[in-house]
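Contents: one structure, followed by commentary.
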Amino acid sequence: MNDSSKPVKQLPFTRPSIDEDTIALVAEVLRSGWLASGPKVAQLEAELSAYLGGRPVRTQTSATAGLEMALLACGIGKGDEVITPALSFVATANVIVRVGARPVFVDVGLDSRNLDLAQVEAAITPRTRAILPVHFAGLAVDMDRLYAIAGKHGLRVIEDAAHAIGSSWRGRRIGSFGDLVVFSFHPNKNMTTVEGGAISGGSPEELTAIELHRWHGQVKRGPDDFDTLLPGGKYNLSDVAAAVGLGQLRRLEEFNARRRKLTARYFELWGAEPPVRLPERGDAGHSWHVFTPLLPPPERLAISRREFIEAMRARGIGVGVHYPAIHLFSAYRALGYREGQFPNAEAVGRRTVTLPLFPAMELEDVDRVVSAANDILRGARVP
Ligand SMILES: *Cc1c(COP(=O)(O)O)cnc(C)c1O
């Protein structure tokens with residue numbers, strides 16, 4: 001029982017860690033007189049490129065903008081199909097619709113949450129132009145098989161690596177190889193620029209297109225000689241944001257090591273017979289953006305997910321949901337998608353809970369989350 005006289009320490013499911021050096025660097029930029037894209041953006045792109053094995057990197061205001069520009073740079077639009085998982089943050093599919101193409105969903109693994117590559121092959125038609133996979137929670141998709149399928153069918157791959165900065169596949173960092181790899185630096189992600197994102201990779205032509213889409217389609221050929229080559233957007237990162245990113249990138253390996261350690265504690269405490277279904281554990285290349293077990297199926301649980309979340313909140317523990325299945329949202333039902341098409345995405349969408357995981361957490365916080373969840377689920381077991 002909680003002692004109601006004592007305030008319960010609130011534990012959110014995520015929280016960014018911004019250190020004093022980063023705050024000082026931001027203050028320096030604010031005093032410098034140059035706030036928009038300038039030397040700090042150039043430095044962040046160079047440091048990200050070095051982190052990703054020397055590949056070209058272009059930053060932008062969000063991963064959503066990055067994914068949309070990557071699709072445009074690949075020439076994807078009306079009449080084209082892009083294969084993508086039915087379980088992700090909705091931005092993954094929204095960008096496909098926004099460029100005029102059709103998202104063709106496939107199901108995900110119940111434990112990996114990554115797209116089912118056998119279903120990807122089966123979904124390819126003459127109109128398919130690209131595959132848009134997600135490295136869910138930072139667990140890398142099987143890159144050998146993914147790129148073998150893409151190569152065989154002449155498809156471009158645009159990786160949604162919003163969860164996967166610092167992840168690797170068989171020892172190779174996500175973003176250090178592959179076609180176009182898009183990261184997010186939203187405050188909930190493994191590193192942040194407040195809002196922001198980056199694209200790694202791309203052909204020289206695609207990089208030019210991304211730069212044009214990012215900034216008004218404009219080129220400057222001399223001090224008074226401008227041209228606009230296409231009706232571009234406005235998605236450039238600011239130097240203020242880039243300064244935050246520089247401070248974060250310096251800590252990224254440490255942050256991800258901490259995430260792995262905290263997750264290992266969840267697995268350790270929940271042992272062989274956990275009251276929840278644990279996600280696929282992966283290997284040391286997993287960057288653990290989120291920890292998302294599944295509650296027991298509704299027929300084996302006397303409370304709803306909402307009641308579980310509220311009971312956790314009453315114990316001072318924040319719980320998120322990553323994510324409802326995309327095809328069941330109104331905008332995607334309007335495209336013809338229906339319940340029952342992607343059973344794993346739907347089961348995850350209904351049963352998943354995101355438990356606290358962020359670098360500033362203590363191991364004792366994990367203990368507290370596990371005992372609260374055990375307590376609530378024990379009282380809610382269907383005999
Ligand atoms: C966060 C996220 C995005 C969008 O990132 P923003 O930088 O907020 O635009 C896209 N895809 C996935 C899987 C995400 O988690």
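Counting convention: from 1, in listed order, for ligands and their atoms alike. Note that the structure is predicted; figures quoted are calculated from it, not measured. For the numbers below, each heavy atom of this structure counts, side chains included, while hydrogens, waters and symmetry mates do not.
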Exercise. Where do R98 and E68 land on the salt bridge (charged side-chain N to carboxylate O under 4.0 Å, His left out) test, with the steps shown first?
Worked result: CA-CA 8 Å; R98 285 175 64 79; E68 191 172 327; 3.0 Å; yes
So, the side chain of [X] versus the backbone of [Y]: is there a donor-acceptor pair under 3.5 Å, distance only?
X    : Y    : result
D107 : A345 : yes
R378 : A373 : no
D179 : V157 : yes
R313 : G318 : no

Problem set entry | Worked verdict on F136 versus H163 for ring pair (Phe, Tyr, Trp, His ring centres under 6.0 Å) | CA-CA 6 Å; F136 198 99; H163 297 182; 5.4 Å; yes
So which bit of [X] gets within less than 4.0 Å of ligand 1, heavy atoms only: side chain, backbone, both or neither?
X    : value
Y323 : side chain
T64  : both
H322 : neither
S88  : side chain
A162 : side chain

For this session: Answer with yes or no whether G196 contacts ligand 1, where contact means a heavy atom under 4.0 Å from a ligand atom.
Result: yes
Problem set entry | Whether K189 lies under 4.0 Å from ligand 1, heavy atom | yes
Problem set entry | Check: H186 N/O within less than 3.5 Å of ligand 1 N/O |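 No; every N/O pair is 3.5 Å or more apart.
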Exercise. In terms of residue, atom name and distance, what is the protein heavy atom nearest to atom 15 (O) of ligand 1?
Worked result: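 Closest protein heavy atom to atom 15 (O) of ligand 1: H163 NE2, 2.7 Å.
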Exercise. How far is atom 10 (C) of ligand 1 from its nearest protein heavy atom, and which residue and atom is that?
Worked result: D160 OD2, 3.5 Å
Problem set entry | Pair R113, T292: side-chain N/O donor-acceptor within cut-off below 3.5 Å |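 Yes, T292 and R113 have a side-chain donor paired with an acceptor closer than 3.5 Å.
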